Protein chains: 2
Amino acid sequence: MVRRTKAEAQETRERIIDAAERVFHDKGVSRTSLNDIAKEAGVTRGAIYWHFKNKHDVFAAMFERQRLPMESMANRAEDPNETDPLGKFREAMIYVLCQTVLDPGRRRVFEIMFHKCEFTAETDPLMERQREAFLDGSERTRRTFRNAIARGQLPASLDIERAVVQLHVQMTGLLYVWLLLPEAFDLQAEAANFVDCYINSLTHCPSIAGP
Amino acid sequence: MVRRTKAEAQETRERIIDAAERVFHDKGVSRTSLNDIAKEAGVTRGAIYWHFKNKHDVFAAMFERQRLPMESMANRAEDPNETDPLGKFREAMIYVLCQTVLDPGRRRVFEIMFHKCEFTAETDPLMERQREAFLDGSERTRRTFRNAIARGQLPASLDIERAVVQLHVQMTGLLYVWLLLPEAFDLQAEAANFVDCYINSLTHCPSIAGP
DNA sequence: TACTATACATACGTTTCTGAATGTATGTAT
DNA sequence: ATACATACATTCAGAAACGTATGTATAGTA
């Protein structure tokens, strides 16, 4: 065997990432060796070292594969020409929550991120990644809220910073808790309720909505 | 040297846990060896193996040391004779948030729990611990809310299950986000606001408060 | 005072993982 | 058809890290 065509090689790369996703999820990132991933993917460590630098590189590639589809969706609500920014925002939030329930791949990656990997000191590039993603997401949300205010969908007195933080807290908390104890509540069925409860607070909670 | 008195041995045990706390926090749980902990504590691995079974045992002891003081505080609000259960509940939540900011030890342990350790399959006793803590905390909260309803502090139409889930989501999300990015917002200054916003939703958000 | 359990330190054998080096067969370009 | 690059597999040396076994000096204890 060996020496596949370029397309086959790309398939091998994907298979390795798929395998890593499953093994990371089952054993935790630190406890999985490259050999574990190789066996699950049906290759040897040599193949992994060909496509990736090391385990961290596999890990990063796994997240990159999930990041791209997320990006596109976030872009919708923050378009200044969108006539219903709050509606699109609502849809996006509900979509993320339901997608986490329905798409096993996304669910696994979120679960790995929340419960099966360790973030270490500032030296760790992953920490920096998280930080950037947070700041970037915050900026998107800020733009969306400004659009919604301009269209009269949110009060002009809205405390945008508190609203942004609260959004992250809400979404992070929801995913964290549900992924830890899926039987605690029905995320898919309750998703719209949770989101509406949050949006409701943007106009009715005094400390966020303003006077 | 060696062969200390019983009191000194207890001090050694505490020093090992202290050291583990710091090293776990700096390097992450999986990347710290027992030798790392021993060096930080100024002992050898032999001392650790005397007091603990293995690294997991040290880890568990670290959490146990934090659990006890938390327990006592939670007991206050759920006392049926308490005339102001909602007020005590509010105080307890704010206390936990501020304590996380002010007590470096508690902050470290929370940070380890959220960002520096891996929860693996159901077989893992840690997972079970978390699960039990969640269910136990939920039951306490339920009792507290029932007391508050009986005293007229919360509406009788309150959806208790949703309120309980929302509480966990809120607190978990707050701590998770703040521990990841402490500069994102001032948790100590905003603690009361966050809690009041949640309590406000218990009487004003339609999907939780009821008609 | 002598003996024993305690509270560690030290030494050892084993396992496991990594990264690199090397081998090899095939795709691909000329 | 040849030559080189590619896509892996295989092998090897070294480093950690673990658990245990053993050494040892002192605190309790009778």
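The structure displayed is predicted, hence computed values, not measured ones. Chain A is the first sequence line, chain B the second, and so forth, proteins listed ahead of strands; every chain is numbered from 1.
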For S33(A), answer base if it contacts any base atom (sugar-phosphate contacts may also be present), sugar-phosphate if it contacts only those atoms, and nothing otherwise; contact means non-hydrogen atoms under 4.0 Å. sugar-phosphate

Are any of [X]'s side-chain N or O atoms less than 4.0 Å away from OP1 or OP2 of [N]?
{"X": "T12(B)", "N": "dA7(C)", "result": "no"}
{"X": "H51(B)", "N": "dC8(C)", "result": "yes"}
{"X": "Y49(A)", "N": "dC8(D)", "result": "no"}
{"X": "W50(A)", "N": "dC8(D)", "result": "no"}

[atom1] of [X] versus [atom2] of [N]: gap in Å, rounded?
{"X": "Q10(B)", "N": "dA7(C)", "atom1": "CD", "atom2": "C1'", "answer": "13 Å"}
{"X": "K53(B)", "N": "dG19(D)", "atom1": "NZ", "atom2": "P", "answer": "9 Å"}
{"X": "L34(A)", "N": "dC17(C)", "atom1": "CG", "atom2": "C1'", "answer": "9 Å"}
{"X": "I48(B)", "N": "dT10(C)", "atom1": "CD1", "atom2": "P", "answer": "14 Å"}
{"X": "E8(A)", "N": "dG27(C)", "atom1": "CD", "atom2": "C1'", "answer": "10 Å"}
{"X": "I37(B)", "N": "dA9(C)", "atom1": "CD1", "atom2": "P", "answer": "14 Å"}
{"X": "R45(B)", "N": "dA16(D)", "atom1": "CZ", "atom2": "P", "answer": "14 Å"}
{"X": "R31(B)", "N": "dT18(C)", "atom1": "CZ", "atom2": "P", "answer": "12 Å"}

The Watson-Crick or G-U wobble partner of dA29(C), with both key distances under 3.5 Å, is dT2(D)

Would you give the length of the straight line joining atom CZ of F63(B) to atom CZ of R129(B), rounded to the nearest 0.5 angstrom?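 Nearest 0.5 Å value for the CZ-CZ distance: 10.0 Å.
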
Would the F89(B) and F145(B) ring centres measure less than 6.0 Å apart? yes

Between E118(A) and H115(B): side-chain donor-acceptor atoms closer than 3.5 Å: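 Not at all, the side chains of E118(A) and H115(B) share no donor-acceptor pair under 3.5 Å.
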
Taking atom types as modelled, is there a side-chain donor on Q153(A) or N147(A) under 3.5 Å from an acceptor on the other?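 No - no donor-acceptor pair under 3.5 Å links their side chains.
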
How do N35(B) and A47(A) order along DNA chain D: which one's closest nucleotide is nearer the 5' end? A47(A)

Closer than 4.0 angstrom, basic N to acidic O: yes or no for E139(B) and R142(B)?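 Yes, this pair counts.
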
